[in-house]
Number of protein chains: 2
Amino acid sequence: MSGKFLIRKLNSFNRLPQKGEEAIQEICSRRILSLARRQDIISEGEDPRTVNVIIDGWACRYKTLEDGRRQILAFFVPGDLADLHVYILDAMDHSIGTLTPLRYARMSPAEFEALGNDYPAVLRALWCDSLVTAAIQREWLVSVGQRTALESVAHLICELYLRLKTIGLTEDGKCSFPLTQSDIADALGMTQPHVSRTLKEIEQTGIITIGRGTLTVHHLAKLKELAIFNPNYLHHLYDAAHGRPGPS
Amino acid sequence: MSGKFLIRKLNSFNRLPQKGEEAIQEICSRRILSLARRQDIISEGEDPRTVNVIIDGWACRYKTLEDGRRQILAFFVPGDLADLHVYILDAMDHSIGTLTPLRYARMSPAEFEALGNDYPAVLRALWCDSLVTAAIQREWLVSVGQRTALESVAHLICELYLRLKTIGLTEDGKCSFPLTQSDIADALGMTQPHVSRTLKEIEQTGIITIGRGTLTVHHLAKLKELAIFNPNYLHHLYDAAHGRPGPS
DNA sequence: CGCTATATTGACTTTGCTCAACCCAGGTGG
DNA sequence: CCACCTGGGTTGAGCAAAGTCAATATAGCG
């Protein structure tokens with residue numbers, strides 16, 4: 001079932017044919033790798049030769065300045081593709097590292113392109129996915145540039161919750177949440193103590209609870225309001241999170 | 001000569017065949033539109049149906065929160081493609097607006113796809129361009145999240161100067177620079193008065209001068225140092241800015 | 001049980017924001 | 001031709017959000 005989450009996500013963009021789903025499943029089962037927490041899948045400067053699909057666990061894309069300041073650029077959850085297409089370039093301009101123990105499938109550009117050629121619906125869904133990934137990247141810039149600390153922490157939590165909901169990894173408003181406060185800080189351009197204070201402030205409103213690696217969203221509507229959350233940037237991913245199937 | 005800058009930029013990724021250049025030129029000459037300053041080419045919520053190439057002038061991608069806060073997500077200069085591929089999605093999640101009077105070429109997805117199908121080298125270069133566009137987007141997040149005001153203003157100026165250099169729009173360290181301080185502020189998550197103070201501080205070092213819509217870079221190496229500028233994210237665009245031709 | 005990670009909290013500092021006044025240049029119309 | 005208007009840009013005083021530094025607490029984990 002290693003391709004399960006990717007298949008679910010892609011189905012939210014457009015219905016995949018049975019055969020296409022099977023091909024994804026097959027390609028995600030061939031070379032499965034495991035990595036411990038806090039390891040790089042690929043580092044800045046390396047020559048990318050593969051496409052990676054997250055099967056289990058969380059990872060992130062990040063970049064460090066020479067004096068050690070770190071900016072996390074994206075979080076990856078199961079079903080996410082780390083660097084579709086990047087293999088055209090000679091050298092990575094950022095790194096991808098694990099945040100938890102991770103299982104991921106590694107495929108070659110050729111395998112990947114064959115998948116798209118054989119199944120146009122899969123190709124189209126992969127396209128949509130990469131456009132949504134870019135939209136998420138942009139929305140993070142809006143958060144870091146314009147939202148207050150309170151708003152941007154709420155926004156990040158809201159986004160992650162909805163993305164997990166799309167792939168069926170939430171239950172009764174609960175989901176796994178392995179990020180440390182330092183991870184959140186590095187993603188939002190804040191400091192870890194300030195994330196601590198901000199999270200406390202949000203939790204005191206009763207909207208969410210975070211504890212022991214688990215996030216509980218008690219009141220999604222209020223969380224969205226606090227975050228100034230406009231779901232349009234998630235496109236069909238957002239519909240899927242609410243049980244509306246993607247267009248055929 | 002409406003496709004000139006796009007052709008120059010794409011050539012920095014890989015050499016284009018003569019015929020490919022002609023096809024780009026042809027497609028960029030068919031439907032040329034003009035727009036005044038501070039107008040939207042396309043607004044958030046609209047259904048994108050075209051691919052736009054900037055011929056002359058500057059534009060930006062931006063997003064506004066409901067209370068009016070604006071984040072500029074990208075600057076477009078001549079030769080830039082506004083929203084390659086986005087036509088797959090139903091609704092824009094951001095707007096594209098002009099910063100100066102603008103001339104741009106509008107092409108249909110079909111024309112665009114035909115171009116790629118007929119000339120693989122063009123397709124490849126377009127791919128590289130969109131990867132670099134994404135890398136620029138990420139680097140902005142690093143700026144806003146981690147760099148100080150001084151560093152990020154310097155970084156933005158450095159990036160724009162190099163991008164203009166790649167397409168041959170600089171001369172003796174000078175280039176056109178039509179951004180207002182408010183534009184810079186909205187791009188970097190700062191306020192306009194603070195941009196004013198920061199620019200003054202940079203100019204006092206003698207590294208650059210900005211005046212009457214013109215930027216002069218007196219000392220590029222020092223500017224890069226001040227900005228903690230690592231050009232790897234521009235990939236071959238950076239080589240081209242230094243007169244090294246792209247790979248064949 | 002104790003080690004290491006992570007999180008909390010407090011006192012103090014700093015960066016950059018807010019608000020507001022003022023300046024300046026270019027463009028327009030009387 | 002010049003007065004005025006408008007859209008930038010500059011500058012200053014005071015303030016607030018978030019950073020820094022450091023001590024302490026807590027929680028998993030071996």
Side-chain angles (χ1 to χ4, degrees), chain A residues 36-39 58 65 67-72 97-101 143-157 176-204 208-215 226, chain B residues 36-39 58 65 67-72 97-101 143-157 176-204 208-215 226:
Chain A
R37 204 180 115 98
R38 308 273 164 201
Q39 304 294 314
W58 289 37
L65 296 183
D67 64 2
R69 280 175 274 177
R70 176 176 77 144
Q71 177 68 43
I72 290 181
T98 63
L99 295 170
T100 66
S143 277
V144 178
Q146 304 299 328
R147 290 191 237 264
T148 63
L150 193 66
E151 289 163 355
S152 45
V153 170
H155 197 278
L156 177 63
I157 289 171
S176 163
F177 196 80
L179 302 181
T180 66
Q181 292 181 351
S182 296
D183 294 331
I184 297 173
D186 287 349
L188 299 178
M190 304 168 53
T191 54
Q192 179 269 318
H194 201 233
V195 170
S196 178
R197 291 185 254 261
T198 306
L199 278 176
K200 192 178 157 197
E201 194 180 341
I202 303 182
E203 293 192 69
Q204 275 169 353
I208 62 162
T209 317
I210 294 184
R212 265 166 251 101
T214 299
L215 161 70
L226 183 61
Chain B
R37 202 180 115 100
R38 308 272 165 202
Q39 305 294 314
W58 290 36
L65 296 183
D67 64 1
R69 279 175 274 176
R70 176 177 75 145
Q71 177 68 43
I72 291 182
T98 63
L99 295 170
T100 66
S143 276
V144 178
Q146 304 299 327
R147 290 187 174 88
T148 63
L150 193 66
E151 289 163 356
S152 46
V153 170
H155 196 279
L156 176 64
I157 289 171
S176 164
F177 196 82
L179 302 181
T180 66
Q181 294 181 348
S182 297
D183 294 331
I184 297 173
D186 288 347
L188 300 178
M190 303 168 54
T191 56
Q192 179 270 318
H194 202 232
V195 170
S196 178
R197 289 185 255 262
T198 306
L199 278 175
K200 192 177 158 197
E201 195 181 340
I202 303 181
E203 293 192 69
Q204 275 169 353
I208 63 162
T209 317
I210 294 184
R212 263 166 254 102
T214 300
L215 161 71
L226 184 61

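Protein chains get the first letters and strands the later ones, always in sequence-line order, with residue 1 at the start of each.
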Please assess Ile210(A) against Ile157(A) for the test side chain to side chain contact (heavy atoms under 4.5 Å, CB included), listing each intermediate value before the final yes or no.
CA-CA 10 Å; Ile210(A) 294 184; Ile157(A) 289 171; 4.1 Å; yes

Taking atom C1' of dA18(D) as reference, at what distance in whole Å does atom CD of Glu151(A) sit?
14 Å

Syn/anti state of dA5(C) by chi, 90° boundary around 0:
syn

Separation of dA18(D) C1' from Arg147(A) CZ (nearest whole Å):
18 Å

Identify the two heavy atoms, one from Ser176(B) and one from Trp58(B), that lie closest to each other, and give their separation to 0.1 Å.
O-CZ2, 3.5 Å

I want to check one thing: is the phosphate of dT9(C), taken as OP1 and OP2, less than 4.0 Å away from some side-chain N or O of Lys200(A)?
yes

Take atom CG of Asp183(B) and atom C1' of dG7(D), then tell me their distance rounded to the nearest Å.
12 Å

Compare every heavy atom of Thr191(B) with every heavy atom of Ala185(B), then report the nearest pair and how far apart it is.
CB-C, 3.7 Å

Return the minimal non-hydrogen interatomic distance between Glu203(A) and Thr209(A), and the atom names on each side.
OE1-CA, 3.6 Å

Show your reasoning for whether side chain to side chain contact (heavy atoms under 4.5 Å, CB included) applies to Val153(B) and Met190(B).
CA-CA 10 Å; Val153(B) 170; Met190(B) 303 168 54; 3.9 Å; yes

Whole-Å distance, Leu199(B) CG to dG16(C) P, equals 14 Å

For residues 188-197 of chain A, which residues have at least one heavy atom under 4.0 Å from DNA chain D?
Gly189(A), Met190(A), Thr191(A), Pro193(A), His194(A), Arg197(A)

Provide the closest heavy-atom pair for Arg69(A) versus Thr148(B) in the form atom of the first, atom of the second, distance.
NH1-N, 4.0 Å

Within this structure, what is the CG-to-P distance between Leu99(B) and dG8(D), rounded to whole angstrom?
11 Å

Side chain proximity check, Gln146(A) to Leu65(B), heavy atoms < 4.5 angstrom
yes

Heavy atoms, side chains only, cut-off 4.5 Å: are Leu156(A) and Arg147(A) in contact?
no

Taking atom P of dT10(D) as reference, at what distance in whole Å does atom CD of Gln204(B) sit?
11 Å

Using whole Å, what does the distance between atom C1' of nucleotide dT8(C) and atom CD1 of Ile202(A) come to?
16 Å

Of the nucleotides dA18(D), dT6(C), dA7(C), which one has an atom closest to the side chain of Thr148(A)?
dA18(D)

Closest non-hydrogen contact found for Arg70(A) with Ser182(A) is NH2-O, 4.3 Å

Would you name the heavy atoms of Ala149(B) and His194(B) that are closest together and state the gap between them?
CB-CE1, 3.6 Å

Interatomic distance, Arg38(B) CZ vs dT6(D) P [rounded to whole Å]:
17 Å

Heavy-atom neighbours of Arg212(A) CZ exceed 12 at 6.0 Å:
no

At under 4.0 Å between heavy atoms, what does Arg37(B) touch on the DNA or RNA strands: base, sugar-phosphate, or nothing?
sugar-phosphate

To the nearest 0.5 Å, tell me how far Leu188(B) CG sits from Glu151(B) CD.
12.0 Å

Under 3.5 Å, which protein N or O atoms sit close to an N or O of nucleotides 23-28 of chain D? Give each pair with its distance.
none

Helix axis bend for the helix from dT6(C)-dA25(D) to dG30(C)-dC1(D) - C1'-based end axes, five pairs, 10° rounding:
40°

